[in-house]
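Structure first, then comments.
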There are 2 protein chains.
Amino acid sequence: MKKVTINSVASYAGVSKKTVSRVLNNEPNVSDATREKVLKVFKELDYTPNPIARGLAQNRSFIIGCIYDNPSKSYITRVQTGALAACKENNYNLLIHPCDLRGDALINNIEQLLQSSRLDGLVLTPPFSDFQVLVDFLKSKNIPYARVASAVLDDDSISVRSNDEQGAFEITEHLIKLGHKAIAFIKGHPDHSATEQRFKGYLRALSTHDITFNERLVEEGNFSYHSGVDSARSILDSTPRPTAVFASNDYMAAAVLKLATQRQLKVPDDISIAGFDNAPIARHIWPGLTTIAQPVEEMTKQAVTKLIEHIGEPQENAYQITLEARLITRESTAHVK
Amino acid sequence: MKKVTINSVASYAGVSKKTVSRVLNNEPNVSDATREKVLKVFKELDYTPNPIARGLAQNRSFIIGCIYDNPSKSYITRVQTGALAACKENNYNLLIHPCDLRGDALINNIEQLLQSSRLDGLVLTPPFSDFQVLVDFLKSKNIPYARVASAVLDDDSISVRSNDEQGAFEITEHLIKLGHKAIAFIKGHPDHSATEQRFKGYLRALSTHDITFNERLVEEGNFSYHSGVDSARSILDSTPRPTAVFASNDYMAAAVLKLATQRQLKVPDDISIAGFDNAPIARHIWPGLTTIAQPVEEMTKQAVTKLIEHIGEPQENAYQITLEARLITRESTAHVK
DNA sequence: TTCAAGCCTGACACCGGTGTCATAATGTTG
DNA sequence: CAACATTATGACACCGGTGTCAGGCTTGAA
């Protein structure tokens with residue numbers, strides 16, 4: 001079977017390859033008759049344009065890169081799902097590139113990536129979404145990018161987020177309304193902007209309900225399950241023991257739950273536990289975790305869609321949007337005894 | 001800053017672009033002096049070849065596609081990690097392409113993917129690894145591919161697996177040695193070859209230890225957490241209740257654990273539970289799951305490495321290898337009371 | 001000294017598309 | 001109907017590399 005190129009189509013249809021190219025790209029200035037004719041030949045010869053050749057001519061690759069450095073595998077999976085959906089709709093492909101936020105090599109690494117693959121754009125996921133050094137680098141190189149779940153919105157780029165602060169406020173308020181006053185808090189990874197946002201929401205809920213903030217109830221975590229274990233130990237050992245724990249993500253909350261159960265504590269009777277993210281684990285364990293569901297897939301999908309749009313024809317205007325997070329109550333939280 | 005192309009290098013070094021190309025590809029028949037000179041200019045000008053142009057000339061994309069249709073996100077993540085490692089070492093990129101095993105559109109979908117991206121090769125992960133229709137299609141199209149965790153080895157292609165049958169045998173034997181005789185088994189997804197392999201290992205362990213196989217102890221699952229819940233219900237409801245459950249993967253095992261805990265059963269005192277895969281959840285829950293650890297990353301890495309090697313210079317010989325799986329005992333299994 | 005064989009090297013076409021520009025055909029206006 | 005604007009089309013260079021092949025320059029053996 002002979003390869004079908006634009007040349008075969010052109011000669012078969014009796015037009016020039018440029019005209020074929022015009023039809024291919026829906027350019028104006030092609031007569032209806034010609035267009036029809038060429039389209040028919042497309043079908044007959046079962047022609048598909050070669051994206052590599054196209055890429056060479058236009059200096060584009062039709063590939064979006066997704067870079068991440070995230071301890072949460074399930075978060076990454078959700079990000080990928082959303083990005084893939086957007087790519088699929090636009091005939092783009094997704095290249096995944098995990099890398100290390102720390103280390104001087106980062107910028108070199110990214111530069112290398114860009115050169116070796118000629119990516120058309122980059123999706124930045126946490127913690128890169130708010131990593132200014134990288135953002136500045138991309139700006140200077142004029143590489144289109146979009147940010148997912150970034151904290152700041154005062155920027156001239158594409159950014160889709162959900163309201164972490166508000167979510168944290170709501171879940172803390174939920175605990176307060178159940179009568180809890182001593183609510184421990186486990187922070188996330190300091191490099192992630194969500195960490196601060198969620199903490200802010202926690203603080204706002206406390207102050208809204210006139211509960212004095214107690215610094216000793218706050219633990220430093222880093223979003224990993226492992227860090228949750230350490231924080232949990234410290235919380236469960238303290239006296240008086242808090243009646244509730246709000247961990248900045250579900251993995252750390254799961255760690256608290258595991259340790260509590262190990263110590264024969266009844267959840268939620270002896271202690272209420274709340275998480276954040278609605279990761280799969282939140283419903284895979286018993287009791288299920290009360291948590292905040294974020295539309296991660298949707299955020300990423302919108303970000304990538306806008307990014308591709310922007311690559312096609314650069315927009316002047318920024319696109320900044322915040323999606324809703326929502327409280328999901330499960331069995332891990334109950335009225336204080 | 002001007003773009004550095006092969007032409008700039010050539011004129012700067014005072015040689016033809018073909019010679020530059022020779023140096024680039026480590027071709028013979030370049031004098032040492034010339035080679036040195038060109039290499040020096042590479043550094044000076046900070047030149048990196050354009051993979052798209054290269055791809056066009058050689059009809060290659062330097063991209064490997066990874067296709068999957070797998071309910072287990074963590075499995076996919078591990079596959080990706082392994083594939084990425086191999087790609088990185090060989091300056092390839094990884095394109096991820098989830099798709100639906102069922103549905104007539106599959107072959108079309110893959111064909112579309114191949115045409116639209118000119119992938120150099122495909123990694124098939126379960127359940128595609130043993131999906132003969134697809135394999136035949138790739139063969140007929142002469143697309144290089146490698147299979148991960150395929151059950152069959154009597155093939156002339158690249159295939160890296162671990163021994164599911166043996167792993168299942170070992171974990172079942174572990175339960176038997178703890179005194180269990182009534183060991184329920186939850187099967188995986190019928191499309192996955194691992195499902196049959198694990199079942200076989202279970203059967204072999206029973207017969208090795210002279211335990212009569214009881215069909216009523218076998219439940220049909222599909223590797224998803226949800227299916228595990230259904231199977232768990234049926235197992236926990238049966239009388240006499242089995243003293244142990246071996247689920248074909250950790251998600252289903254976690255479901256059994258959740259349901260058992262919900263029903264006030266003590267694990268492992270009242271019932272032992274074993275899983276398979278050593279997914280993160282196995283150590284995130286309490287009690288931790290006894291399970292079989294498979295070197296998923298390593299399998300995929302080897303498969304992709306061989307695949308890329310094969311793309312570079314097609315090998316006559318097949319590459320078929322089986323890696324070791326290993327038993328990990330945690331708290332979810334104990335001696336029968 | 002002569003000639004064949006082997007090593008370097010570059011000219012040039014080519015991969016399969018797109019951009020630019022010239023030109024022919026058609027339409028519009030006064 | 002002349003003069004001009006607009007639409008439709010193709011010739012050709014170009015994107016940045018690689019493959020083919022011919023020719024110059026060394027070697028070494030006859």
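Residue numbers start from 1 in every chain, and the chains themselves are labelled A, B, ... in the order their sequence lines are given, proteins ahead of strands.
OP1 or OP2 of dC15(C) has not a single side-chain nitrogen or oxygen of T5(A) nearer than 4.0 Å. Proximity of S21(A) to the phosphate of dT18(C): a side-chain N or O atom is located under 4.0 Å from OP1 or OP2. Taking side-chain N and O atoms only, S31(A) has no distance below 4.0 Å to OP1 or OP2 of dT7(D). For the pair S16(A) and dT9(D), the criterion of a side-chain N or O lying under 4.0 Å from OP1 or OP2 is not met. One finds no side-chain N or O of Y47(A) lying less than 4.0 angstrom from the OP1 or OP2 phosphate oxygen of dG16(C). Side-chain nitrogen and oxygen atoms of T19(B) include none within less than 4.0 Å of the OP1 or OP2 phosphate oxygen of dT9(C).
Side-chain proximity of K3(B) to the nucleotides dT18(C), dG16(D), dG17(D) is greatest for dG16(D). Checking dT9(C), dT18(C), dG17(D) against the side-chain heavy atoms of T34(B) singles out dT9(C) as nearest. Listed nucleotides: dT18(C), dA8(D), dT9(C). Nearest to the side chain of L24(A): dT18(C). Counting only heavy atoms from C-beta on, K18(A) has its side chain closest to dT20(C) among dG19(D), dT20(C), dG17(C). Of the candidates dG17(D), dG17(C), dG19(D), the closest approach to any side-chain atom of Q58(B) belongs to dG19(D). Closest approach to the N29(A) side chain among dG16(D), dG17(C), dT7(D) is made by dT7(D) (side chain taken as heavy atoms from C-beta onward).
The distance from atom CD of E27(A) to atom C1' of dT9(D) is 12 Å, rounded to the nearest whole Å. For the pair I6(A) CD1 and dC14(C) P, the computed distance is 17 Å after rounding to whole Å. Straight-line distance from the CG atom of N59(B) to the C1' atom of dC15(C): 8 Å, rounded to whole Å. As a whole-Å value, the separation of R54(A) CZ from dC14(D) C1' is 17 Å. Between the P atom of dC7(C) and the CZ atom of R35(B) lies a distance of 14 Å, rounded to the nearest Å. The interatomic distance linking L56(B) (CG) with dG17(C) (P) rounds to 9 Å, in whole Å. For F62(B) and dG16(D), the CZ to P distance is 17 Å, given to the nearest whole Å.
Checking S74(A) against T77(A) by side-chain atom types alone, no donor-acceptor pair falls below 3.5 Å.
Residue V15(A) is in sugar-phosphate contact alone, with no base atom involved, counting any heavy-atom pair closer than 4.0 Å across all strands shown. Residue-level contact check: N25(A) touches the backbone only, with heavy atoms under 4.0 Å from sugar-phosphate atoms and none from bases. Nucleic acid contact class of N7(A) (heavy atoms, under 4.0 Å, all strands): none.
A salt bridge is defined here as a Lys NZ or Arg NE, NH1 or NH2 lying under 4.0 Å from an Asp or Glu carboxylate O, and E309(A) with K306(A) meets this definition.
For the pair R60(B) and F62(B), the cation-pi test (distance below 6.0 Å, angle within 45°) is passed.
A donor-acceptor contact shorter than 3.5 Å links the side chain of H189(B) to the backbone of D191(B). Judged by distance alone, with hydrogens and angles left aside, the side-chain atoms of T322(B) form no donor-acceptor pair with the main-chain N or O of R161(B) at under 3.5 Å.
Residue V30(B) is the one, among V30(B) and A57(B), whose nearest nucleotide of DNA chain C lies closer to the 5' end (criterion: closest heavy atom).
The shortest distance between side-chain heavy atoms of L134(B) and Y145(B) does not fall below 4.5 Å.
The base of dG19(D) does not come close enough to the side chain of R22(B) for any donor and acceptor atom to sit less than 3.5 Å apart. Checked by distance alone, K17(B) brings no side-chain donor or acceptor within 3.5 Å of a matching partner on the base of dG10(C).
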